[in-house]
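The figures here come from the full heavy-atom set of this structure, side chains too, leaving out hydrogens, waters and symmetry mates. Since the structure is predicted, the reported quantities are computational estimates derived from the model, not experimental observations. Proteins come first, then strands; the chains are lettered A, B, ... in the order of their sequence lines, and each starts at number 1.
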2 protein chains.
Amino acid sequence: MPGPIQSIERAAAVLRLLASGARRMGVAELARALELPKPTVHGILRTLQLVGFVEQSPDTGKYQLGAALFHIGSSYLDGNELRTRALNWSDSLASRSMESVRIGTLHENQVLVVHHVFRPDNSRQVLEVGALLPSHASALGKVLLADDPVGLTDDEPLKAYTAATITDPDLLGDALEQVRQRGWASDIEELVDGEVSLAAPIRDRRAVTVGAVGISGPVERLCDEHKQPRTDLVSYVREAARSISRELGAIPW
Amino acid sequence: MPGPIQSIERAAAVLRLLASGARRMGVAELARALELPKPTVHGILRTLQLVGFVEQSPDTGKYQLGAALFHIGSSYLDGNELRTRALNWSDSLASRSMESVRIGTLHENQVLVVHHVFRPDNSRQVLEVGALLPSHASALGKVLLADDPVGLTDDEPLKAYTAATITDPDLLGDALEQVRQRGWASDIEELVDGEVSLAAPIRDRRAVTVGAVGISGPVERLCDEHKQPRTDLVSYVREAARSISRELGAIPW
DNA sequence: GAATGCCGTTCGACAATGTCGTACGGTGCG
DNA sequence: CGCACCGTACGACATTGTCGAACGGCATTC
């Protein structure tokens, strides 16, 4: 039976829409966005509600994502070998660098954050696990793009987040080439003004890049007086990446 | 069309199974567990793979949860008003109590952890957001059960985790009555030996309990010499719960 | 205050759709 | 080498989901 099951595809589309929409959405709203008849969408929603993937506000009648979906989704992390192996090393990278650590994987041309260690200074920080970062404007993303067989798909233009964001595909290509040669990437105020990130690739036993680990923080702490990444921090990041890769079975290189 | 859509229900069952199974599962394995023909399960898996909800190991052919599901699931937190409102208060509770803070909601008779603040002491801790705790053996759970209109369903026996776990439904009923009267709950080594937790209810504008906030830590720190919860910590927890409730629109009580 | 628009929901007939018995190539084990 | 098991493909059948039309409820409008 080669051919996807229509109703499941549609259910997934509904969930994706509810996830992106941020706020609650109504049946009619979803139906319009998906270009489907209202009763069809309603049937899907009813089923998703039954299994706990969506919830409905009793008063407004609108729908939002459900708790069951959240719980099942978070189980993904348990099976994620990359994250499991990286737990210890990312902790130690956080202590050595005194900065917050993130681990990401490429997912639909964006960086999916699968692990996040807070900066060890008791400051208030928001957990970013599960979030998506733009791949062309983050160190994690550049590392992943540099080794991605597909490369960057130029179907949509590169969005500028700050004045320093690389928006020219050719320039980005050059930057990725540099990342490949140096073995690490940086993002200097390219995503958020005043924020810098550094990252290095994590490779598995077949030497393919399966993820990236990196730190991020204010430019004053991560860069030297020439606004270049501090070499000691770069070393820490690269060492952590190598350690995790070794845990994943990569041949030490 | 009153009646759930079969294929979506089955797809959800597959995802649930993959989430619980911890490790990767094969088509045949899933088919046996769900009592469905192998090709049927395969069709579902193929569709789920297409939308990124499951991934297949290229070598073993086995399936596991996918990144898209994780990302969509984590979007649940954005729409969760309880969690959003509670962010600041749980941080301050963590600083005041110097213990780790968790916020939970009732989900299928278990406690779904929707927020987790680490103990502010730089120690290594695992993030528990998305995890499920037994409701009869945790302070969060008792608080939620105490005010739950459904109450505890006695369809399955209460599992014992330690010697102190309450397994008798009658005793649990008494304990819940006490929780209702005192307005807070404790778990003294009932889930993990040496671990204690305290919690208080979060109520919304209609005064229904929508969640619980609490702290947890070693018995030496949370209890006094009589192995009773320290009254100052109880106050901190209750004050935090009241503050969050007020944010949710509850009339201060 | 009747009328109007939009909402979430139900009904039910039609046919498109998913189901599943059967079968195929590949892999690991004895 | 044969066997058992795997993940996957095919295709006929009828079960199943789809969607036009319609209903009651709720605001807003005139």
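Looking at the side chain of Gln6(A), the nearest of the listed nucleotides dT19(C), dT10(C), dT18(D) is dT18(D). Side chain of Thr40(A), nearest nucleotide from dT8(D), dT9(C), dT18(D): dT18(D). Closest to the Pro39(B) side chain, of the nucleotides dT22(C), dG8(C), dT18(D), is dT22(C). Comparing atom distances between the Ile5(A) side chain and each of dG18(C), dG8(C), dC6(D) picks out dG18(C) as nearest.
Between His42(A) and dG8(C) there is no side-chain N or O to OP1 or OP2 distance below 4.0 Å. Side-chain N/O atoms of Tyr63(B) include one lying less than 4.0 angstrom from OP1 or OP2 on dT8(D).
Residues of residues 25-37 of chain B that place a heavy atom closer than 4.0 Å to DNA chain D, in numerical order, are Gly26(B), Val27(B), Ala28(B), Arg32(B).
When the nearest nucleotides of DNA chain C are assigned to Arg10(B) and Gln49(A) by heavy-atom distance, the more 5′-ward of the two goes with Gln49(A). For the pair Lys38(A) and Ser7(B), both in contact range of DNA chain C, the more 5′-proximal nearest nucleotide belongs to Lys38(A).
Within 3.5 Å, no donor on the side chain of Lys62(A) pairs with an acceptor on the base of dG8(C), nor the reverse.
In terms of the salt bridge (Lys or Arg N to Asp or Glu O under 4.0 Å) criterion, residue partners of Glu81(A) (sequence neighbours excluded) are, by chain and number, Arg85(A), Arg205(A).
The distance between atom CD1 of Ile8(B) and atom P of dT17(C), rounded to the nearest whole Å, is 14 Å.
Computed from C1' positions of five pairs at each end, the angle between the two local axes of the helix from dT17(C)-dA14(D) to dG30(C)-dC1(D) equals 10°, rounded to 10 degrees.
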